[in-house]
Amino acid sequence: MSAPVTQQPSRGVAVPVAVGVVVAAVVAALVVVGLVVALTEDRLPTGPALPPPVSFDAPTRVVRYAGVTTRMPGTPYVCPGSPDSVPPLLSSGLLCDATVHADYDGTSDWSATAGFGSVADDLVRPTAAATARAFFDAFRGVGFDNRTTTLGAVTTDQVDLDGRPVALISGNVGYTVSGVPSSYDRVLVIVLPVEDGDFAVYLSSRPDDTPEATLGVLNASIDGLSYE
């Protein structure tokens, strides 16, 4: 005779109840997390809006940054297809080159340079004039491969451009380089204030024997600087 079967209490209600408790806890937790995120987002400082990046239209050579625009010099200057960082000078921008003395050392060209972009953070100073000087000094080093150079005929100025005070500094950076008949580059730095204490910059560096045609397209680019 078999042993009597003991009836087990039904658990058909216990499982759904447990699941319901878990779901309710998860929902409550999500509500709390959502509330915390909402409160946190409300209290986070948004800060000033960042200026748009440097833009460059290669076919027209029109370049823009934070309301400043010009047209980069045409042939014989060669420009990259798009802006990029150019450490330690530009956070974003481009440098265009025009050969003045080809293959001066058998492998490299000695060129005139024109550049535009946003001043690198490490070179930004409280004023446009101080920023221009810091940028000029930095270019004097890296722009001439840290060669020994001299500096003469330095001029500084502040001019009004479309109602904005713009800082300029220029000077003759002298050098003696084997294979290069040039004796100095005339370097010009123009620093243009934009919003939130930022600065746009236009740079030109051209050897003293740069051809007139090259100077013509460079000067047209400089003259085209404006605030939109």
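No experiment lies behind these values; they were computed from the predicted model shown.
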Treat each ILVMFWY residue as a node, draw an edge where side-chain heavy atoms are under 4.5 Å apart, and state whether [X] and [Y] are in one component.
| X | Y | result |
| --- | --- | --- |
| Ile222 | Val119 | no |
| Leu192 | Phe56 | yes |
| Val63 | Leu89 | no |
| Val173 | Leu203 | yes |
| Val68 | Val54 | yes |

To the nearest 0.5 Å, what is the distance between [atom1] ([X]) and [atom2] ([Y])?
| X | Y | atom1 | atom2 | answer |
| --- | --- | --- | --- | --- |
| Leu168 | Ile190 | CG | CD1 | 5.0 Å |
| Leu151 | Asp137 | CG | CG | 8.0 Å |
| Asp84 | Ser92 | CG | OG | 7.5 Å |
| Ile169 | Asp157 | CD1 | CG | 11.0 Å |

Taking the side chain as C-beta and beyond, is there a heavy-atom pair between [X] and [Y] under 4.5 Å?
| X | Y | result |
| --- | --- | --- |
| Asp122 | Pro88 | no |
| Val78 | Asp97 | no |
| Asp198 | Tyr65 | yes |
| Asp208 | Asn172 | no |
| Thr99 | Ser111 | yes |
| Val189 | Val201 | yes |

Problem set entry | Pairwise ring-ring contact (aromatic ring centres under 6.0 Å, His included) hits with a residue in residues 128-149, at least two apart |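 Listed by first then second residue: Phe139-Phe144, Phe144-Tyr175.
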
Short side-chain donor-acceptor distance under 3.5 Å, [Y] and [X]:
| X | Y | result |
| --- | --- | --- |
| Thr214 | Arg206 | no |
| Tyr184 | Thr150 | no |
| Ser205 | Asp185 | yes |

Exercise. For Ser221, does its backbone N or O pair with a side-chain atom of Thr70 as donor and acceptor, under 3.5 Å?
Worked result: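 Such a contact is found between Thr70 side chain and Ser221 backbone.
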
Problem set entry | Side chain Thr131, main chain Arg125, donor-acceptor under 3.5 Å | yes

For this session: I would like to know whether Val191 and Val166 meet side chain to side chain contact (heavy atoms under 4.5 Å, CB included); could you show each step before the answer?
Result: CA-CA 6 Å; Val191 168; Val166 170; over 6 Å; no

Least distance between heavy atoms, [X] atom then [Y] atom:
| X | Y | answer |
| --- | --- | --- |
| Met72 | Cys96 | CE-SG, 3.9 Å |
| Val194 | Ala66 | CG1-O, 3.5 Å |
| Tyr104 | Gly179 | CB-O, 3.5 Å |
| Arg71 | Thr60 | NH1-O, 2.6 Å |
| Ser170 | Arg186 | OG-NH2, 3.0 Å |
| Trp110 | Ser182 | CD1-OG, 4.2 Å |

For this session: Would you check, one step at a time, whether the test side chain to side chain contact (heavy atoms under 4.5 Å, CB included) holds for Phe116 with Leu225?
Result: CA-CA 10 Å; Phe116 178 87; Leu225 275 168; 4.1 Å; yes

Exercise. Do Ser178 and Asp105 pass the side chain to side chain contact (heavy atoms under 4.5 Å, CB included) test, and can you show the C-alpha distance, the side-chain angles, and the key distance before you say yes or no?
Worked result: CA-CA 7 Å; Ser178 178; Asp105 62 355; over 6 Å; no

Problem set entry | Derivation and outcome, salt bridge (charged side-chain N to carboxylate O under 4.0 Å, His left out), residues Asp162 and Arg164 | CA-CA 6 Å; Asp162 300 326; Arg164 307 280 193 96; over 6 Å; no

